[in-house]
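So the structure is just underneath, and the comments pick up after that.
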Amino acid sequence: MKKKVLAALLSVAMVATLLAGCGKKEAPAEAPAETEAPAETEAPADTDAEEPAETEAPAEAAGDFADKKVGVCIYQFSDNFMTLFRTELENYLISLGFAKENITIQDGQNDQGTQSNQIDAFINDKVDVLIINPVNSSSAETITDKVVGAGIPLVYINREPDESEEQRWADNNWDVTYVGCDARQSGTMQGEMIVDLGLEKVDMNGDGKVQYIMIEGDPENVDAKYRTEFSVKALTDAGWEVEELDDQVGNWDQVKAQELVSNALGQHGEKIEVVFCNNDAMALGALQAIDTAGRKVGEDIFLVGVDALSEALENVINGTMTGTVFNDHISQSHSAADAAVNYLTGAGNEHYIGCDYVKVTTENAQEVLDSVK
Ligand code: BGC
């Protein structure tokens, strides 16, 4: 597992938060502060280069879960970020003592009907715990009722159900939790990376405003909503004037984003100073469009994404992306597996298990890349 290396990337405060079982979500607004600098010094001494994840493994000894059945529903296998997430989740579950043949991971193919059938099948199969990345977070209430009704503990991941749904879990004391990061933080970090460049550099046409385009993930996802809102808010909070030239839904998809950004560049040309993408897959598509249009990131346009996919990290290192934000699939998948274990052992969980994003610029991109490889 890669947790130890990653710890090096987190500030003291963040490590403390993680060790404390991950922070409760807070009413947000403010930028979540100084998370960008990798804190080399507090990296735990890495005596053994490989495995095991003894520090974060929950109580039970390996082997106790060998006969436990885990059902995992992923909204769509073709999503790059969720592919990293599910691969790490499976490996970590195995490292905790779950048997590979008892871990079943299903592809919802971005269709709630398909996923609901998969959940029904898991219930019929009497799985011991379910980990669900819902296709539509708005279906969470129906999913929860079904799963809780069958007496199966449930860990939601990545797509956060709304507040009233989370409140129901607490009010009824159900074995249901959500594991994920607060998307407001990632949006704020995207905006801050642009602000850190300085207005003079970003406002290339010198009209006193920053002209940007926004490429969003799927509209019902809070990650998309918050990243869209908080990235721009970081600019206005810095006292910058902004002008939105275009705001389009790219559904987290590289090909779609390439098409959208290509259209926007055709329409608005040199007026576009910043391209915000809600994730890296779309930022990679945006970069293809930027290249084709003969523009140069860092020289006549700026581009930020979220996730820290390896390809995006390479681009940050080469200067072909301004920055990204590390969406820690390692910490999130481990927390999800740990939460599943806590339900199986009866230890239980809080109803919200958070984590922190990390800003990635040229300064720490190589380090982040080394840690996720
Ligand atoms: C990630 C996206 C991903 C989405 C899936 C987000 O947190 O940043 O890359 O497509 O989750 O729900």
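Order of listing sets the numbers, starting from 1, for every ligand and every atom in it. In what follows, every heavy atom counts, from backbone to side chain, and hydrogens, waters and symmetry copies are set aside.
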Using the side-chain hydrogen bond (donor to acceptor under 3.5 Å, both in side chains) rule, pick out the option among Asp79, Asp218, Asp280, Asn279 that qualifies with Trp252.
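That would be Asp218; it is the only one of Asp79, Asp218, Asp280, Asn279 passing the side-chain hydrogen bond (donor to acceptor under 3.5 Å, both in side chains) with Trp252.
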Do NZ/NE/NH1/NH2 and the carboxylate oxygens of Glu216 and Arg227 come within less than 4.0 Å?
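No.
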Are Lys271 and Asp207 within salt-bridge range, i.e. N to O under 4.0 Å?
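No salt bridge links Lys271 with Asp207.
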Sort out for me which residue in Val202, Leu287, Val274, Ile272 forms a side-chain contact (heavy atoms from CB on, under 4.5 Å) with Ile301.
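Of the listed options, the one satisfying the test is Ile272.
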Polar contacts were defined as any N/O atom of the residue lying under 3.5 Å from an N/O atom of the ligand; does this apply to [X] and ligand 1?
X      : answer
Asn158 : yes
Asn327 : yes
Asn133 : no

If you have a sec, work out which protein heavy atom is nearest atom 1 (C) of ligand 1 and how many Å separate them, to one decimal?
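Protein heavy atom at minimum distance: Asp307 OD1, 3.4 Å.
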For atom 10 (O) of ligand 1, what's the nearest protein heavy atom and its distance?
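For atom 10 (O) of ligand 1, the nearest protein heavy atom comes out as Asp79 OD2, 2.4 Å.
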Atoms of ligand 1 less than 4.0 Å from Asn221 heavy atoms?
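Those qualifying, in numeric order: 12 (O).
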Would you mind listing which atoms of ligand 1 come within a distance below 4.0 Å of any non-hydrogen atom of Asp223?
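Atoms satisfying the 4.0 Å criterion: 6 (C), 7 (O), 11 (O).
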Please work out whether any backbone atom (N, CA, C, O) or any side-chain heavy atom from C-beta onward of Met282 is under 4.0 Å from ligand 1, and answer side chain, backbone, both or neither.
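For Met282, there is no contact with ligand 1 at all, from either part.
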Could you tell me if Gln112 and Gln115 have a donor-acceptor pair between their side chains, going purely by distance under 3.5 Å?
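Per modelled atom types, Gln115 and Gln112 side chains form a pair under 3.5 Å.
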Under 3.5 Å side-chain donor-acceptor pair for Asn327 and Gln332
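Yes - a donor-acceptor pair under 3.5 Å links their side chains.
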Show the numbers, then the answer: is there a side chain to side chain contact (heavy atoms under 4.5 Å, CB included) between Val297 and Thr322?
CA-CA 7 Å; Val297 173; Thr322 310; 3.6 Å; yes
Gln76: heavy atom below 4.0 Å from ligand 1, yes or no?
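No heavy atom of Gln76 comes that close to ligand 1.
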